[in-house]
There are 2 protein chains.
Amino acid sequence: MKIDPDKKSDLSAQIAKAIRDAIIAGQLMVDERLPSEAELAEQFAVSRPTVREALKRLAAQSLIRTQRGAFGGAFVNRLSYGEAYGQQITTATLLLSMNAVSFDVACEARYALERACAPLSAKRRTCEQLATLRAEIQRQAQPGLSDETFCASDVTFHRTLVDGAGNPVLSYQLAGAVEAMQPLMNMITFTARSREAIVTLHTRIADALEMRDAGAADTALSQLEEYTLGLGRDVMQARATRA
Amino acid sequence: MKIDPDKKSDLSAQIAKAIRDAIIAGQLMVDERLPSEAELAEQFAVSRPTVREALKRLAAQSLIRTQRGAFGGAFVNRLSYGEAYGQQITTATLLLSMNAVSFDVACEARYALERACAPLSAKRRTCEQLATLRAEIQRQAQPGLSDETFCASDVTFHRTLVDGAGNPVLSYQLAGAVEAMQPLMNMITFTARSREAIVTLHTRIADALEMRDAGAADTALSQLEEYTLGLGRDVMQARATRA
DNA sequence: GACGTTTAAATGTCTGACATTTTGCGCGCA
DNA sequence: TGCGCGCAAAATGTCAGACATTTAAACGTC
C-alpha cells in the first residue's frame, strides 16, 4: 500500500506524501488510527524521528491529529470548515503580502467573488444575518472609531454577507479573499467622509438584501468596489508623491 | 522576538507558531535565512529534534524551504501561486470528500464563482486562451473518450475560462473549487447525449467570450450549471433506487 | 589566473534513552 | 459482590549524542 522507493533524499517528505496520498485516496478512513510511530518506522525501514517529522508535516495540514497515552496515536482527522478557513486565510494572506499583489487586483478579485454571492444571499439571508449587518453598520457609523476597529467591522460585515448565501463551500472559499485583504485595507486611513460613504453603501447593500433584490445588491457592491478602489489609489498616490 | 511561554505541551507546535507569526508579521523577510537548527534549539531551550519537527511543520505549509550544505539552512519561502494552488486543491478536495458536501452545494459554489469570472474573462481573454477553449471542446466531442479523460478536459476548459479573467488571485481561489469538484464529477457516467449537451453549452460559452459578450457567457454558464445539477441528481437517484 | 582539493557548516538520519500521559486491569478493602 | 485505588503498559513527547551527506567557500597547486 505505501512502499517507498529509494528516490533522492528527504525521507520524511516521501513518507508524508505516501500517507497523504493514502488518505486522499480513501485508503485511510476518517478517525481511523494509523500504526504507531514504531510500527511505521519499521514498515518504511527508517528511524522513529524520521517518521515523526513526516507525521508533523501532516499535522500541520490538519490531516491527522495525535493523541497521547495508551491507545493514543495518530488518527485521520476530519477536516473541519474551521480548520480549513484558518489555513485558507494564512495562505491567502501570505500570498498577497509576499507577491506584491496590487491593491487593484486583490480588490477586483474580492468584489468579483462577493458579487457571486450576492444573488444567493439575497435569496437566502436569514433575519439574524440581516440584523448582524445592521449592527455592524451602526458600529461603523460611530465617531472616534480606530481604523483597525473599522476594518474589523468591515470584515465582519462582508463575511456575514458571504455567509448569507448559505453555502459553506462558498463561505470557505471567500473567507480567504475577504480576510486576506485586511492588511491591505489597514493601510488606508479612513477619513470621516470616506467612512460616511462606505456606511451609505453598506446600508444600500443591507437594504437590497432585506428586499431580497439581487440586482440592487449587485449595483451597490459595484459602487462599493469602485469607491474602495478609488480610496486605494489615493493612498498609493499620496505615498508616491511623499517619496 | 520569539520567546516561548511554558504553556501546556507540544513544544514543536508552539515553536512553529512563533516562527510562523514572525513570518506573517513581516519580522522575517522573504529569502531571509533563519538561525540554524542548533541555534534555534538554544534560543528556545529545546533539543534539535524538537526544532526540526517545528521546521517540518512550516515546510509542509511551504512557509520555509531548506537547503543542505554549508551556508544552507532554512529560508523564508516566497509562496508561489503554484504552491498555493496545490495546497488549496488538496484542502478543498479533502473538505469536500470528508464532510459529505452534497453535489448540489459544491456545484452551486463552483458555478457561482465561475460566473463571477465570466464578465472579466469576456473583457480580457486572450486569443491563446480562446484557442485552448476551442481545442478542449474539440477533444470533448471525440467519440470513445473515457469518462476520466472527458472530466480532465472539462477541468482544463473551466480553468482556462477562469484564467481568462487575468487575475491571479481569482485563479488561485477558483483552482480549488474547480479541481476539487473533479472526484464528484467523476462519479457521473457521461452518456453520448449528455456529452453532446455539454459540448453545445461549452461552445456557447466560447462563442460568448469570443464576442466579448458577458451577458451571453453568464446565461450559458447558468444553463450549464442547471444541466450539470440535473446530471448529478440523476446519478444520485439511480444510486438510491439501486440500493 | 584557473582548477582541483580540502574543510567547515549545515541539514538529514540513526540509536537509545527518559518523561509524560492515558487507558485498562488487577488487587485490596468494605 | 462492588467499589475505588494504584500500578503497569502503550503510546507520544522530548532529549542527548553521534554519524552521514551535501554544499560552498577557502586554500593550495600548477
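Per chain, numbering begins at 1; letters A, B, ... match sequence-line order.
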For B:Thr93 and B:Ile89, indicate whether the former's side chain and the latter's backbone hold a donor-acceptor pair under 3.5 Å. yes
Contact list for residues 175-187 of chain B, test side chain to side chain donor-acceptor pair (under 3.5 Å), sequence neighbours left out: B:Arg159-B:Glu179
Within this structure, what is the CD-to-P distance between B:Glu37 and D:dC15, rounded to whole angstrom? 14 Å
Could you tell me the separation between the CZ atom of B:Phe75 and the P atom of C:dA9, rounded to a whole number of Å? 16 Å
In whole Å, I'd like the distance from the CG atom of B:Leu34 to the P atom of C:dA10. 13 Å
Quickly work out the B:Phe71 CZ to D:dA25 P distance and round it to whole Å. 7 Å
Do B:Arg139 and B:Asp154 meet the salt-bridge criterion of a basic N to acidic O distance under 4.0 Å? no
Look for any protein N or O under 3.5 Å of an N or O in nucleotides 14-21 of chain C and output each such pair with its distance, or none.
from, atom 1, to, atom 2, distance (Å)
C:dC14, OP2, A:Ser47, N, 2.9
C:dC14, OP2, A:Ser47, OG, 2.9
C:dC14, OP2, A:Thr50, OG1, 2.7
C:dT20, O4', A:Arg68, NH2, 3.3
C:dT20, O2, A:Arg68, NH2, 3.0

Interatomic distance where CZ belongs to A:Arg33 and P belongs to C:dT23 [whole Å]: 13 Å
Without hydrogens or angle criteria, can the side chains of B:Gln173 and A:Gln88 be said to hold a donor-acceptor pair below 3.5 Å? yes
How are the rings of A:Tyr172 and A:Tyr85 set to each other: parallel, tilted or perpendicular (split at 30° and 60°)? parallel
Given atom CG of B:Asp10 and atom P of D:dC15, what is their separation to the nearest angstrom? 12 Å
Indicate yes or no for a side-chain donor-acceptor contact from B:Asn77 to the backbone of B:Leu79 under 3.5 Å, with no hydrogens or angles considered. no
Is a donor from one side chain sitting under 3.5 angstrom from an acceptor on the other, for B:Thr160 and B:Gln129? no
For DNA chain C, find the residues of residues 52-67 of chain B with a heavy-atom distance under 4.0 Å and give them by number; none if there aren't any. B:Arg52, B:Lys56, B:Thr66, B:Gln67
Is B:Asp31 salt-bridged to B:Arg65, going by a charged N under 4.0 Å from an acidic O? yes
